[in-house]
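What follows is a set of notes on a single structure, which appears directly below.
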Amino acid sequence: MYMPLETLSRIHRPPRLSEEVSAELEARIQRGDYAPGAQLPTEKVLAETFGVSRAVVREAIARLKADGLIETRQGSGAFVAANPKSLNFRLAPGGEEGLLHIFELRTLIEATVAELAARRRNDDDLAAMRDALRRMDEALTSEIDGSEADDDFHLAIAAATHNQYVLRLAEFLGRQFSESRRVAWVDHPRGMESPREAQREHYVLLDAIAAGNPVAARNAAHVHLRGAAERVGIALPADLGGNAAGK
């Protein structure tokens, strides 16, 4: 059950100052405020500009360096990379359009993963999925956050493809997608009805995978993602395909 959660997480924390500084610097680089090859202001100047400590600036610079956006030169400071590009892939919702794009990406990936899982699953895979659903049922009964079990359910589906790279991609993206799953679990205006709806969709998805029906599994994943998006006010476009009728 894929529950959208754009704001609250299991452990909710505001962005670190270094993350805010690096995001602002990245935006300025992308806008062209700092051209490729240009030298960034000194740590002291950046610290004064953003009203933070130099330690925060150093952490932000290290983050941008790891992402391939800047390079540092011994004794000379930090420079925008000649061909700035992000080597890390991070998802930041950024409003309704950003959340729509995340749900589109989730749909493209999860529908294909569900289809392959239906072809390859074994008894152990199904047991892992059922265990995650059981834990979500318990969370629903207790009306507590079950988003961790939600994540585990989708990882179990990825594991059922028996492709190590599919699983590794799911593990990586799961950290990104998990926020979009938690909206319905935590502080959602509809209370626990959203996760209950998603849980019903989960069981349909599990049944299709257990039956070894890849078409039904793909369609169930589409239905689930459309439902998850609708529960946070997002309408997925028709050109993504997939429907309950299997067309």
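Every value quoted in this text rests on a predicted model; they were computed, and no experiment measured them.
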Can you list everything that forms a salt bridge (Lys or Arg N to Asp or Glu O under 4.0 Å) with [X]? Sequence neighbours excluded, please.
X	answer
Arg130	none
Glu143	Arg196
Glu59	Arg16
Arg28	Glu24

In chain order, what residues pass the side-chain hydrogen bond (donor to acceptor under 3.5 Å, both in side chains) check against [X], with sequence neighbours excluded?
X	answer
Glu104	none
Thr49	none
Glu230	none
Arg168	none

Set of residues satisfying side chain to side chain contact (heavy atoms under 4.5 Å, CB included) with respect to [X], sequence neighbours excluded:
X	answer
Gln39	Phe79
Ala55	Ser53, Arg58
Val204	Ala220

- Message: Salt bridge or not between Arg135 and Asp152? Use side-chain N to carboxylate O under 4.0 Å.
- Response: yes
- Message: Show, in sequence, the C-alpha distance, side-chain angles and deciding distance for Val21 and Leu46, and conclude whether the side chain to side chain contact (heavy atoms under 4.5 Å, CB included) test is met.
- Response: CA-CA 9 Å; Val21 172; Leu46 288 173; over 6 Å; no
[Y] and [X], any side-chain heavy atoms less than 4.5 Å apart:
X	Y	value
Phe50	Val56	no
Phe153	Asp131	no
Leu69	Val80	no
Val113	Leu169	no

- I would like to know whether Glu110 and Arg226 meet salt bridge (charged side-chain N to carboxylate O under 4.0 Å, His left out); could you show each step before the answer? CA-CA 12 Å; Glu110 293 185 23; Arg226 286 188 181 279; over 6 Å; no
- Item | Distance, nearest 0.5 Å, that separates CD of Glu193 from CG of Leu140 |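 Nearest 0.5 Å value for the CD-CG distance: 9.5 Å.
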- Under 3.5 Å, is there a donor-acceptor pair linking the side chains of Asn163 and Thr161? no
- Query: Does Lys65 offer a backbone N or O that forms a donor-acceptor pair with the side chain of Glu71 under 3.5 Å?
  - Reply: no
- Query: Same hydrophobic cluster for Val166 and Leu105, using side-chain heavy-atom links shorter than 4.5 Å among ILVMFWY?
  - Reply: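 In one cluster: yes.
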- Query: Can you pull the side-chain hydrogen bond (donor to acceptor under 3.5 Å, both in side chains) pairs that have at least one residue in residues 203-216, sequence neighbours excluded?
  - Reply: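 Sorted pair list: Asp137-Tyr203.
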- Message: Counting neighbours of CG on Asn122 that are heavy atoms of other residues, nucleotides or ligands and sit closer than 6.0 Å, is the number greater than 12?
- Response: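 Above 12, so yes.
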